[in-house]
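One-based numbering along the sequence shown.
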Amino acid sequence: MTATRDGASYEVAVRAESALGEGPTWDPVTGRLLWIDILNSRLNGYDPATGRRTLRRTDQHVGAVKPRAGGGLVLNLRDGIGLLDPDDTFRWLRHEPVPGRRGNDAAVAPDGALWAGTMRYDEATGGGTLARVTGDGAAELVLDDVTVSNGTGWSPDGRRMYYIDTPTRRIDVFDHDADTGRVTGRRPLAEVEDGAGFPDGLTVDAEGCVWVALWDGAAVRRYTPSGALDRVIELPVPRVTACVFGGPGLTDLYITTARVGLDPAPPLAGSLLVVPGAGEGVAQPAFAG
């Protein structure tokens, strides 16, 4: 256990060498932490109660994995949205390949819809999208001028949606209509200053604060609902990718990291880290499909 700048202490939950560890998600039904290694096409599972790990490979790059309400998983893949049934059978929900583009981060809204982001492999400006996908596979394009679609999350009351397009350095906030799933009024909540890294994945806690992982920033930050920075958890790896609350009571902050592009890579780059007792999370809904 190692102390961080704000007095919290991180531990190594799973020592790994993920090229691009991303998308941690707590599955309350199984009591497991799910996350992916995008570039190695891997789905990872970890049960903190037993220490048991699982690994499943996918046939193509996978940007996100989320539990489904009826069991199984939904995947944001290179060529669209796929479903893994409880018996491990794969099928496409939406198959729409675009050459040079892949799925990236995704999140499930309070109404059970999947908000799925994409990006181009070459990270061309404006080459990505953000779409809202319902359980029956219907999709609505929400944003079509995104570069690297990343963290998405909702306030505890569902009235705000937070979103990150990484190269902008901003955490943006929208007004969210829980009845229609529509978002309006996009505006900056906070901006990460030059030299502090780039905002990547995010999660929202029970107080409505937004926790943001910093790629090339070696830290996770917490911003209040007004946009004020009030916590910084420094970490031993530069490429911190995403975070989520999990464990009993949703009090442990799990953090994914990457080693891609680091030469030499620090010993813990690509590992899954955890900060026990970091705060209190909010239970995440399962995908309604």
Side-chain angles (χ1 to χ4, degrees), residues 10-11 13-14 16 21-37 42-56 62-76 81-88 93 105-116 133-135 151-162 176 178 181 201-213 220 222 241-256 272-289:
Y10 71 84
E11 300 174 1
V14 176
E22 268 282 9
T25 298
W26 180 254
D27 183 349
V29 175
T30 63
R32 291 191 307 157
L33 194 285
L34 306 173
W35 79 103
I36 47 98
D37 181 351
R42 292 176 178 171
L43 306 179
N44 299 286
Y46 169 64
D47 182 344
T50 65
R52 182 172 181 264
R53 294 175 56 187
T54 58
L55 173 66
R56 188 190 194 281
V62 54
V65 56
K66 303 293 175 184
R68 294 163 55 199
L73 303 170
V74 60
L75 311 175
N76 192 23
I81 307 301
L83 300 177
L84 275 177
D85 289 332
D87 64 1
D88 213 34
L93 181 66
D105 205 357
V108 179
D111 64 0
L114 182 74
W115 289 64
V133 182
T134 56
T152 307
W154 287 263
S155 59
D157 63 7
R159 297 175 62 183
R160 285 179 150 203
M161 187 186 88
Y162 300 99
H176 176 250
L202 67 79
T203 195
V204 182
D205 68 19
E207 297 179 343
C209 296
V210 183
W211 297 71
V212 180
V220 171
R222 187 176 90 151
T241 58
C243 55
V244 74
F245 283 95
L250 300 177
T251 58
D252 301 331
L253 186 70
Y254 286 91
I255 302 165
T256 50
L272 176 70
L273 307 179
V274 61
V275 180
E280 182 182 352
V282 178
Q284 300 300 299
F287 176 58

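Here Trp35 and Tyr254 keep their ring centres 6.0 angstrom or further from each other.
Side-chain N or O atoms of Asp85 include none that pairs as donor or acceptor with a backbone N or O of Asp88 at under 3.5 Å. Here the side chain of Arg68 pairs a donor or acceptor atom with the backbone of Gly289 at under 3.5 angstrom.
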- Query: Going through the distances and angles, do Val220 and Tyr10 end up as a side chain to side chain contact (heavy atoms under 4.5 Å, CB included)?
  - Reply: CA-CA 11 Å; Val220 171; Tyr10 71 84; over 6 Å; no
- Starting from the C-alpha separation in whole Å, work towards a yes-or-no answer on side chain to side chain contact (heavy atoms under 4.5 Å, CB included) for Thr25 and Val108. CA-CA 10 Å; Thr25 298; Val108 179; over 6 Å; no
- Stepwise side chain to side chain contact (heavy atoms under 4.5 Å, CB included) check, Leu253 with Asp205: CA-CA 10 Å; Leu253 186 70; Asp205 68 19; over 6 Å; no
- Task: Go through Thr54 and Arg52 one step at a time and tell me if the side chain to side chain contact (heavy atoms under 4.5 Å, CB included) criterion holds.
- Result: CA-CA 7 Å; Thr54 58; Arg52 182 172 181 264; 3.3 Å; yes
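Residues Val74 and Ile81 meet the side-chain proximity criterion, which asks for heavy atoms closer than 4.5 Å. Taking the side chain as every heavy atom from C-beta outward, Pro48 and Trp26 approach each other to under 4.5 Å. The closest side-chain heavy-atom distance from Leu75 to Leu84 is below 4.5 Å. Side-chain contact between Leu93 and Phe287 is present, with at least one heavy-atom pair separated by less than 4.5 Å.
When all heavy atoms of Pro86 and Gly70 are compared, the pair lying nearest together is CG-O, 4.1 Å. Taking every heavy atom of both residues into account, His176 and Met161 meet most closely at CB-N, 4.1 Å. Counting all heavy atoms, side chain and backbone alike, Ala242 lies closest to Ala213 at N-CB, 3.3 Å. Closest approach of Gly208 to Pro156, counting heavy atoms only: CA-CD, 3.7 Å. The heavy-atom pair separating Gly31 from Asp47 by the smallest distance is O-OD1, 3.7 Å. Considering every non-hydrogen atom in both Tyr46 and Gly51, the closest pair reads CE1-CA, 3.9 Å.
Taken to the nearest 0.5 Å, the CG atom of Asp27 stands 11.5 Å off from the CD atom of Gln284. In this structure, CD1 on Ile255 lies 8.5 Å from CG on Leu272, to the nearest 0.5 angstrom.
Among the candidates Leu43, Asn76, Thr256, Asp105, the single residue satisfying the side chain to side chain contact (heavy atoms under 4.5 Å, CB included) test with Ile36 is Leu43.
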